[in-house]
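I have placed the structure first, in the form of structure tokens, so that the comments after it can refer back to it.
Heavy atoms only: backbone and side chains are in, while hydrogens, waters and symmetry mates are out.
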Amino acid sequence: TVKCLYAEKSIDSLRERVNESGAIECANAVASCNGEGSIQSGQGYDGKDLGELIFTGTGSAIPCKHRNVTGMYLRMNNGNSILLDVGEGTVGQLLRSWKSLLSSDHILINEYRSRLKGIRAVWISHPHADHHLGVLRLLSERSAICGSNDPIVLMAPADMFDFLHEYKSIVPELNQSYIPVDCYDMIHGRENPMGKKLYDELGITNCMSIPVAHCQRSYAVVMDGTSFGRVSYSGDCRPSNRFADVAFGSDLLIHEATFEIGMEEDAVLKRHSTVGEAIDISTKMNAKSLVLTHFSQRYPEIPPLKKTDNGKAMEMPIVFAFDFLRLTPNTIDLAAKLTPALRLLYPREGVDDSEMATGKVTAKDLMSVPGVFAAKGVL
């Protein structure tokens, strides 16, 4: 039996807060205007349309009450799937997501086993723990279900395999649980060593990494032949023109947006992107749709969109991801229009910038110092 993690009283309290926020009424009004009827939990899941994208975490650095750390589950039309980053708690988040869509625990257990077996590949963007710690539970549980004769393709920076090599000395059953592929060996212009396996099991015709500016061995990824068409994911990075060129014409761009517009200095110092910078990259890429994710945990509210005269960028569907968001190729436009409802669910609760700046050197102060990046200890 799968037990609920929340007491009935807590669930009632959450429902009351959601109802009082006005978000449901706002969402239903948007859906009604778009001919979708009302929005209900789990609506649209009938087991036939297998292509989907589930966000298991949309926050940066550490889990908080609003957002888990980064993770995405991309399911193909044949029912198999690939994970894009696997932050701590990803498997548990997937279980909760599937549970909300199914009618009984018995069906859930069978679905859980089937879906874990169906995860044929994992791609990890860089060695920071908030993007990969969940892979340990994934490999352990999948190994228990599938045995040692059904390894997944694990595409990751070399550091990840050093980490797993040490961990396997404690948990030896992980020895045959994955096939390692260094992201460096699948950089744009090189043939992916596991390209045939990805095509046979996922229908992916091309999967390539693009080095980006964040920490050492950080990558973005571009995949062709998915249930969403060409899908590109930035990982954590500063805006990358090379990524925009390689991923040109993406049907779906998933881009980090750690900071809101106006926090460019913070983004430069921490080697992340702002909402506005992510939109600029989507425009250069000529992407058909954009999903923003990896938001700073200090600012749980939905940040404002970029105010610009560039009509092309604003006409493109822009979705603010949240935990348990489930997208299909047909619901991206609707999800983009639900942003006003999301703003009601995520009120501003972060720390006031003026309070944080008191007695401390701000990012803007640091950026005004000539040669700051050469100073020891700044980065």
Side-chain angles (χ1 to χ4, degrees), residues 2 47 50-57 68-102 105-125 127 129-157 159-183 192-194 196-204 207 221 223 226-227 324 326:
V2 180
L50 299 181
E52 65 179 356
L53 175 62
I54 297 175
F55 287 81
T56 59
N68 189 40
V69 286
T70 301
M72 284 160 280
Y73 169 89
L74 176 58
R75 197 182 195 195
M76 307 304 170
N77 290 325
N78 65 0
N80 290 337
S81 58
I82 180 173
L83 298 185
L84 304 176
D85 280 333
V86 195
E88 184 179 5
T90 293
V91 173
Q93 294 284 86
L94 282 174
L95 180 60
R96 294 181 187 101
S97 177
W98 298 331
K99 177 179 171 62
S100 70
L101 299 171
L102 299 170
D105 289 347
H106 176 70
I107 297 176
L108 173 62
I109 292 171
N110 292 334
E111 183 77 2
Y112 178 67
R113 290 175 175 272
S114 173
R115 293 250 193 165
L116 276 189
K117 288 181 181 179
I119 297 175
R120 311 307 302 175
V122 171
W123 186 84
I124 293 175
S125 60
D130 59 316
H131 289 254
H132 72 71
L133 273 187
V135 79
L136 298 174
R137 182 180 175 188
L138 172 69
L139 294 176
S140 296
E141 298 212 7
R142 197 177 180 281
S143 179
I145 292 172
C146 303
S148 60
N149 297 321
D150 189 21
I152 63 171
V153 176
L154 178 57
M155 298 168 280
D159 316 62
M160 189 68 209
F161 302 117
D162 295 336
F163 167 70
L164 286 173
H165 179 73
E166 291 190 22
Y167 194 80
K168 285 188 292 188
S169 63
I170 304 172
V171 187
E173 59 263 33
L174 298 188
N175 279 317
Q176 307 298 322
S177 62
Y178 63 91
I179 302 171
V181 177
D182 190 336
C183 285
N192 190 313
M194 287 288 109
K196 185 178 185 304
K197 186 174 176 67
L198 292 175
Y199 175 73
D200 291 343
E201 298 185 353
L202 293 166
I204 293 176
C207 183
V221 67
M223 297 176 291
T226 77
S227 53
F324 303 114
R326 175 181 174 268

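- In this structure, the side chains of N78 and L50 stay at 4.5 Å or more apart for every pair of heavy atoms.
- T56 is not listed as a side-chain neighbour of S97, based on a closest heavy-atom distance of 4.5 Å or more.
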- Step by step, work out the side-chain contact (heavy atoms from CB on, under 4.5 Å) result for L133 and F163. CA-CA 10 Å; L133 273 187; F163 167 70; 4.2 Å; yes
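- Closest heavy-atom contact between N77 and S227: OD1-CB, 3.5 Å.
- Note that the CG atom of L198 and the OG1 atom of T226 stand 12.5 Å from one another [nearest 0.5 Å].
- Counting all heavy atoms, side chain and backbone alike, N68 lies closest to G89 at ND2-C, 4.0 Å.
- Nearest heavy atoms, G134 versus V91: O-CG2, 4.5 Å.
- A distance of 10.5 Å separates CG in N175 from CG in L164, rounded to the nearest 0.5 Å.
- Under a cut-off of 6.0 angstrom, the local environment of OH in Y199 is sparse, with at most 12 non-hydrogen atoms contributed by other residues, nucleotides or ligands.
- With S114 contributing its side chain and E111 its backbone, the two residues share no donor-acceptor pair below 3.5 Å.
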- Message: Determine whether D200 and K196 satisfy the following criterion, side-chain contact (heavy atoms from CB on, under 4.5 Å), listing intermediate values before the conclusion.
- Response: CA-CA 6 Å; D200 291 343; K196 185 178 185 304; 2.7 Å; yes
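- The two residues C183 and P157 make their nearest non-hydrogen contact at SG-N, 3.9 Å.
- Considering every non-hydrogen atom in both L202 and A121, the closest pair reads CD1-CB, 3.9 Å.
- The side chain to side chain contact (heavy atoms under 4.5 Å, CB included) test applied to D162 returns no partner, not counting sequence neighbours.
- T70 and D85 are not linked by any side-chain donor-acceptor pair at a separation below 3.5 angstrom, with hydrogens and angles left out of the test.
- Legend: ring-ring contact (aromatic ring centres under 6.0 Å, His included) pairs involving residues 68-97, not counting sequence neighbours, sorted by first then second residue: Y73-W98.
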Compile the donor-acceptor pairs under 3.5 Å between side chains in residues 141-156 and protein atoms, sequence neighbours left out, one pair per line.
from: E141; atom 1: OE1; to: Y112; atom 2: OH; distance (Å): 2.1
from: E141; atom 1: OE2; to: R137; atom 2: NE; distance (Å): 2.6
from: E141; atom 1: OE2; to: R137; atom 2: NH2; distance (Å): 3.1
from: R142; atom 1: NE; to: L116; atom 2: O; distance (Å): 2.9
from: R142; atom 1: NE; to: I119; atom 2: O; distance (Å): 3.1
from: R142; atom 1: NH1; to: D150; atom 2: O; distance (Å): 2.5
from: R142; atom 1: NH2; to: K117; atom 2: O; distance (Å): 3.1
from: R142; atom 1: NH2; to: I119; atom 2: O; distance (Å): 3.3
from: R142; atom 1: NH2; to: D150; atom 2: OD2; distance (Å): 3.3
from: S143; atom 1: OG; to: E173; atom 2: O; distance (Å): 3.3
from: D150; atom 1: OD1; to: R120; atom 2: NH1; distance (Å): 3.3
from: D150; atom 1: OD1; to: R120; atom 2: NH2; distance (Å): 2.6
from: D150; atom 1: OD2; to: R120; atom 2: NH1; distance (Å): 3.1

- Going through the checks in order, is the side-chain contact (heavy atoms from CB on, under 4.5 Å) test met by R115 and R75? CA-CA 9 Å; R115 293 250 193 165; R75 197 182 195 195; 3.3 Å; yes
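- Annotation: the span from M72 atom CE to L74 atom CG amounts to 9.5 Å, rounded to 0.5 Å.
- The SG atom of C207 sits 5.5 Å away from atom CD1 of I82, with the distance rounded to the nearest 0.5 Å.
- Annotation for Q93: atom CD counts as buried by contact number, over 12 foreign heavy atoms lying within 6.0 Å.
- Atom-to-atom distance recorded for I54:CD1 and T90:OG1 is 12.0 Å, nearest 0.5 angstrom.
- Side-chain atoms of H132 come within 3.5 Å of backbone atoms of P127 as a donor-acceptor pair (strictly under, hydrogens ignored).
- Using a 4.5 Å cut-off on side-chain heavy atoms (C-beta onward), L136 and Y167 make contact.
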